[in-house]
Engineer: 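Got a structure here, written out as C-alpha cells. Questions coming.
Below, chains carry the letters A, B, ... as their sequence lines are ordered, and counting in each starts from 1. FYI, side chains are in, hydrogens and waters are out, and symmetry mates aren't considered; it's all heavy atoms of this structure. What you see is a predicted model, and the numbers here were worked out from it, not measured in a lab.
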There are 2 protein chains.
Amino acid sequence: MKPSDRNITTALRRHGYKLTPQRCAVVHAITSSQDHLTPTAIFEKVSQNHPGIGLVTVYRTLKLLAELELICELHTGGNCPSYTAGTSHHHHHLVCSGCGKVVDFASPRLIEHNVVELEGRLSRESGFRIDDHLLEFTGLCQLCQKAPASSV
Amino acid sequence: MKPSDRNITTALRRHGYKLTPQRCAVVHAITSSQDHLTPTAIFEKVSQNHPGIGLVTVYRTLKLLAELELICELHTGGNCPSYTAGTSHHHHHLVCSGCGKVVDFASPRLIEHNVVELEGRLSRESGFRIDDHLLEFTGLCQLCQKAPASSV
DNA sequence: CTGTAACTGATAATACTTTTCAATTAGCAG
DNA sequence: CTGCTAATTGAAAAGTATTATCAGTTACAG
Ligand SMILES: [Mn+2]
Ligand SMILES: [Mn+2]
Ligand SMILES: [Zn+2]
Ligand SMILES: [Zn+2]
C-alpha cells in the first residue's frame, strides 16, 4: 500500500468506516492515476485486480470519499444542464448548491484581463488550445441559508 | 412574439431550419424567464400553452439552439463526474472538450486575490453565502487538435 | 473467538437522454 | 392558392447513468 493510499485509508478509519478490500482497491485505483477518472473507468481499473467487485460499491465508495473530501470530484455536483436566453455576452455563474438557482454576473475587467493572460501561459505549458473559460461560484442563496435545502 | 423571441426565430430561419410552433414555444419559454431552466422545467412550461408537445422535441430544440449559440447552456457539456486524488490543495481545471482529459492547475495568487474580492462583492449584492469558486478553461488538448475528437 | 452493525453485490427501480420510425407539416415551386 | 417533399414531430423503445432494496457476508470492538 502506497503512502498516499494510507493517508486516505487511515482517514476512513478515523471517521469510523470499515476498511474493506473493496474500498482499498478503489482508493488505490484513484491514487495510482494522474488523471481524473470517471466512475466507470475506476470500476474497470479496479476490476482487473479485484474481479467481482460491484459497480455499486464503486459508486458508494466514490460518494463517501468525496463527501469526506479525500478525493477531488470534478464539476459542481449540480443537476447538470440548464438553459437560459442571452448567450451573446460573456458572463459567469453564481450557483446555489441548495436549490440550484443560478445568477449570472459579468466579471470585472481586471479579472477577465488576468484570466486571458493566464490562458496564454497555460496554453504554452500544456499544449492545449484554449477556447473559453468559466468562472463559477457556489454557495447558498438567501432562502437556502434559512430553510434547509428544498431541492430545485 | 416578443422581440427577443424574434431574434432567435429569425436566426433559426437564417440557418435553414423550419419555424414550427413547437420550436417557437420552446424559445418563448426560455426568453420569458430570467432563470436557467432544466429541460424538464422547460417542457412543463411549454406544455401549459402547448399540450401534447413531446419531451423529445424539447430536447431536440434545446440541443439545436445551444449548438447555434442562441441560448446559454450551463455547465461544460462534458461527461459530468470524474474523480482524482489530492483534493487537499485548492486548484482549477483545464478540460479538453474532445476527449475529456483534465489537467489540474493552481491559479496565480493575483487571480485568487481578485476572485476573493469579487466574492465579497457578489455576496453583498446577491445575498448568497459563497462557499467556493471554480475556474475552468475548456479547449482542445494537443492530440485532439490533430485527430478529430476520439471521445473519452 | 463471538456478536453485531456495517458493508457488499445481485437485482430492480429511477432518471435522464437518444434512437427509431411512421405520420405530419412548413415552406417552397409552380 | 395548390401540391410536393424534405424536415420535423411524437410514441415507443433503447441506451446510459445512478440510486434504492435487501438478503447474505464481513470487519472489527469487546
Ligand atoms: Mn448563464
Ligand atoms: Mn482536480
Ligand atoms: Zn438556493
Ligand atoms: Zn483531448
Engineer: What integer distance in Å separates A:Leu65:CG from C:dC7:C1'?
Structural biologist: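 It is 14 Å, rounded to the nearest whole Å.
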Engineer: Are side-chain N/O atoms of B:His36 and A:Asp104 paired as donor and acceptor at under 3.5 Å?
Structural biologist: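 B:His36 vs A:Asp104: donor-acceptor pair found between side chains.
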Engineer: Answer with yes or no whether the side chains of A:Glu112 and A:His92 bring together a donor and an acceptor at under 3.5 Å.
Structural biologist: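 There is such a pair between these side chains.
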Engineer: Considering only side-chain heavy atoms of B:Ile53, which listed nucleotide, D:dG10, C:dT17, D:dA17, is closest?
Structural biologist: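 Of the candidates, D:dG10 comes closest.
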Engineer: Find out whether A:His133 and A:Glu119 are in side-chain contact, i.e. whether some heavy atom of one side chain is under 4.5 Å from a heavy atom of the other.
Structural biologist: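 The answer is yes, as the side chains (C-beta and beyond) meet within the 4.5 Å cut-off.
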Engineer: Using whole Å, report how far CD1 of B:Ile42 lies from C1' of C:dT17.
Structural biologist: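 From B:Ile42 CD1 to C:dT17 C1': 14 Å.
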Engineer: Considering just the side-chain nitrogens and oxygens of A:Thr57, establish if one lies under 4.0 Å of OP1 or OP2 belonging to C:dC7.
Structural biologist: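 Negative; the distance criterion is not met.
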Engineer: To the nearest Å, give me how far apart CG (A:Leu55) and C1' (D:dT18) are.
Structural biologist: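 It is 9 Å, rounded to the nearest whole Å.
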Engineer: Starting from C1' on C:dG9, measure out to CZ on A:Phe43 and report it in whole angstrom.
Structural biologist: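 Going from A:Phe43 (CZ) to C:dG9 (C1'), I get 10 Å.
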Engineer: Would one find a side-chain N or O of A:Thr20 under 4.0 angstrom from OP1 or OP2 of D:dT26?
Structural biologist: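 False: A:Thr20 side-chain N/O out of range (4.0 Å or more) of D:dT26 OP1/OP2.
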Engineer: Once you round it to whole Å, what is the distance between C1' of D:dA17 and CD of A:Glu44?
Structural biologist: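 Roughly 14 Å, once rounded to whole Å.
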Engineer: When the nearest nucleotide of DNA chain C is assigned to A:Leu64 and to B:Tyr59 on a heavy-atom basis, which residue is associated with the more 5' position?
Structural biologist: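 Result: A:Leu64.
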Engineer: Which is true for B:Arg23 with a 4.0 Å heavy-atom rule: it touches a base, it touches only sugar-phosphate, or it touches nothing?
Structural biologist: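 Contact class for B:Arg23: sugar-phosphate only.
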Engineer: Given C:dG9, D:dG10, D:dA27, which nucleotide is nearest the side-chain atoms of B:Val56?
Structural biologist: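 For the B:Val56 side chain, the nearest candidate turns out to be D:dG10.
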Engineer: State whether A:Arg13 places a side-chain N or O below 4.0 Å from either non-bridging phosphate oxygen (OP1 or OP2) of C:dA6.
Structural biologist: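 For A:Arg13, the contact criterion (side-chain N or O under 4.0 Å from OP1 or OP2 of C:dA6) is not met.
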Engineer: Which whole-number value in Å describes the distance from A:Leu37 CG to D:dA17 C1'?
Structural biologist: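 In whole Å, D:dA17 C1' lies 17 Å from A:Leu37 CG.
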Engineer: Could you check how far CZ of A:Arg60 sits from P of D:dT25, rounded to whole Å?
Structural biologist: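 Between P of D:dT25 and CZ of A:Arg60: 16 Å.
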Engineer: Is the shortest side-chain N/O distance from A:Gln22 to OP1 or OP2 of C:dG9 below 4.0 Å?
Structural biologist: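 For C:dG9, OP1 or OP2 has a side-chain N or O of A:Gln22 closer than 4.0 Å.
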Engineer: Checking contacts here: which listed nucleotide (D:dT9, C:dA5, C:dT25) is nearest the side-chain heavy atoms of B:Lys18?
Structural biologist: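 Ranking D:dT9, C:dA5, C:dT25 by closest atom to the B:Lys18 side chain puts C:dT25 first.
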Engineer: Is it true that B:Arg121 and B:Glu117 make a salt bridge, defined as a side-chain N closer than 4.0 Å to a carboxylate O?
Structural biologist: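 Not counted as a salt bridge, because no side-chain N and carboxylate O are separated by less than 4.0 Å.
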Engineer: Decide whether A:Asp5 and A:Thr31 meet the rule of one side-chain donor and one side-chain acceptor closer than 3.5 Å.
Structural biologist: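 Indeed, the side chains of A:Asp5 and A:Thr31 share at least one donor-acceptor pair under 3.5 Å.
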Engineer: Please state how far atom CG in A:Leu62 lies from atom P in D:dT19, giving the value in whole angstrom units.
Structural biologist: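 After rounding, the reported distance stands at 10 Å.
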